[in-house]
Number of protein chains: 2
Amino acid sequence: MGRRSIAHIRREEFAHAAFEVLALHGMQGTTLQRVADHTGASKASVLHYFSNKQNLIETALRQSNATLRKEAVAMMNIATTPWERFYAIIEANFSPTTFQPEIAHGWIAMCAEVPHVAQFQRIQTVIYSRLHCNLFTALLATGIDRTAADSGAETISLLIDGLWLRCGLQIGGLNRQEATAQIERVVETLFGKSAERQSAKTKMTALAAALTSRAQ
Amino acid sequence: MGRRSIAHIRREEFAHAAFEVLALHGMQGTTLQRVADHTGASKASVLHYFSNKQNLIETALRQSNATLRKEAVAMMNIATTPWERFYAIIEANFSPTTFQPEIAHGWIAMCAEVPHVAQFQRIQTVIYSRLHCNLFTALLATGIDRTAADSGAETISLLIDGLWLRCGLQIGGLNRQEATAQIERVVETLFGKSAERQSAKTKMTALAAALTSRAQ
DNA sequence: TAGTAGATTGACCCATTGGTCAATAAATAG
DNA sequence: CTATTTATTGACCAATGGGTCAATCTACTA
């Protein structure tokens, strides 16, 4: 530890603050001064750890996404059947720790800048690819054919995007339960009812509740 | 005509330019100077017609949405059956004149500011309400029960939002055809196949093609 | 033709922004 | 204890932002 560690910790602190400011004030309102104020440090101190404002925001976004990814990985490791893996992805994407309007604001703000900032474009691409890939492999393993798995993954990821957008726009006071219910309705019509899927869903929902309550 | 008319036309010109700049450069990049340059006028001239930058962008967004709404109304007037009205909404939302990455950029940029600008919040609310209401009444009239119509409208509007988001993020080179195909796949699983619905779809698709080709 | 309302603009103002830099304080290593 | 690295910061800078204003310029009206 020592100097290396403190630098690493400080970077994390600033990045965390940056994401909070982004979620709270949007991209326009995310100034170096505000991020500095939010941590109690000076603007120059922030720039000591991040060469750029964009660099700062980039790591802020990556760091925020990492928490969701860790939750997802934890649940995927526990899941044993394909449908359990499927619901692990769903539950992770609507975990109460991450599926919140403020956090959604941050991500929508990033999406708006994707066409203009190459770094954000890259982040967005990798997040989408991962989601689609995970959904696809889970669905394929349930026994359906390739095209059905692919289009199914596409539809589900589309719904997830839409629900996150709505969470940010706070349409109909959308919460975790309504969001997963929306997904489930489509999943049911797409793949029919089955006891196996149902038990997988209840298992992963319970697991998600246990994991997140423990974390908080 | 005369003075009143010229003022009105000028406002429209500036608003139009403002939306183009917004679509091209995002919310941060949409400066009064750039909008002025885009029309060949001066910054002060823009501010002669719009008291605020926000006022300018607000009318820009409203004006842009009006074109989509007009297309939708035109198709709705021609539609006679419930399913035709349903596909009128779908086709209008994926019309080649509006379903373009640049335009999507503009709307995503607005979404990102919704939590921070009350005017944008209002625009977003009215657009969503109209879409949901139109879908709901169309679906209800097809003979299904209220809750099914409501949840169906919710799912479809969710997909539309997701597809527009993806259009803006340019995931998988999404075009009009793929987008409507995505919608259709879900509609089919939700409401089953029926000759009546199929004919309604082909009719409205053709109508949309005719209307938009005529316009351009 | 004179007058007046609206259109257009350059010059200007102030606040804020991202970013630099040199100076200082603190901590670690030898 | 000394030296060197690292952390922190206030002062500063150039650029740009939105917005004001008074001065023209234009076109319609009486």
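Each chain gets a letter, A, B and so on, in the order the sequences are listed, and its residues count up from 1. Every value quoted in this text rests on a predicted model; they were computed, and no experiment measured them.
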Q. Given atom CE of Met27(B) and atom C1' of dG18(D), what is their separation to the nearest angstrom?
A. 15 Å
Q: Find the distance Arg34(A):CZ to dA15(C):C1' and express it as a whole number of Å.
A: 14 Å
Q: Nearest whole angstrom, please: distance from the P of dA7(D) to the CD1 of Ile9(A).
A: 12 Å
Q) For the pair made of CD in Gln33(A) and C1' in dC12(D), what is the distance, rounded to whole Å? A) 14 Å
Q.
If I take atom CG in residue Asp37(B) and atom P in nucleotide dG18(D), what distance separates them, rounded to the nearest angstrom?
A. 12 Å
Q. Of the nucleotides dT9(C), dG19(D), dG18(C), which has the atom closest to the Ala44(B) side chain?
A. dT9(C)
Q) Between dT9(D), dG19(D), dT8(D), which nucleotide gets closest to the side-chain atoms of Ala41(A)? A) dT9(D)
Q: Could you tell me the separation between the CZ atom of Arg11(A) and the P atom of dT8(D), rounded to a whole number of Å?
A: 14 Å
Q | Under-4.0 Å side-chain N/O to phosphate OP1/OP2 contact, His48(A) with dT8(D) | A | no
Q.
For Phe86(B) and Trp83(B), take the angle between the two ring planes, folded into 0 to 90°, and tell me which bin it lands in: parallel under 30, tilted 30 to 60, perpendicular over 60.
A. perpendicular
Q | Side chains of Arg166(B) and Ser157(A), donor plus acceptor under 3.5 Å | A | yes
Q.
Please pick, from dT8(C), dG19(C), dT9(D), the nucleotide with the shortest atom-to-atom distance to any side-chain atom of Asn52(A).
A. dG19(C)
(Q) Within the 3.5 Å criterion, strictly below it, is a donor on Glu71(B) or Thr97(B) matched to an acceptor on the partner's side chain? (A) yes
Q: Using whole Å, report how far CD1 of Ile57(B) lies from P of dG17(D).
A: 13 Å
Q) For Glu58(A) and Lys53(A), what are the C-alpha separation, side-chain angles and deciding distance, and is it a salt bridge (charged side-chain N to carboxylate O under 4.0 Å, His left out)? A) CA-CA 9 Å; Glu58(A) 186 191 351; Lys53(A) 181 193 167 185; over 6 Å; no
Q.
Any heavy-atom pair between the side chains of Leu32(B) and Leu47(B) that's under 4.5 Å?
A. yes
Q) Would you say dA7(D) has OP1 or OP2 under 4.0 Å from some side-chain N or O of Ser45(A)? A) no
Q.
Can you tell me which nucleotide in dA7(D), dT17(C), dT8(C) comes closest to the side chain of Tyr49(B)?
A. dT8(C)
Q. Among dA7(C), dG19(D), dG18(C), which nucleotide sits nearest the side chain of Ile6(B)?
A. dA7(C)
Q | Nearest-nucleotide 5' precedence on DNA chain C, Arg10(B) against Leu47(A) | A | Arg10(B)
Q. Could you give the NE2-to-P distance, from His8(B) to dA7(C), as a whole number of Å?
A. 13 Å
**Q.** Base of dG19(D) paired with side chain of Lys43(B) (donor-acceptor, under 3.5 Å)
**A.** yes
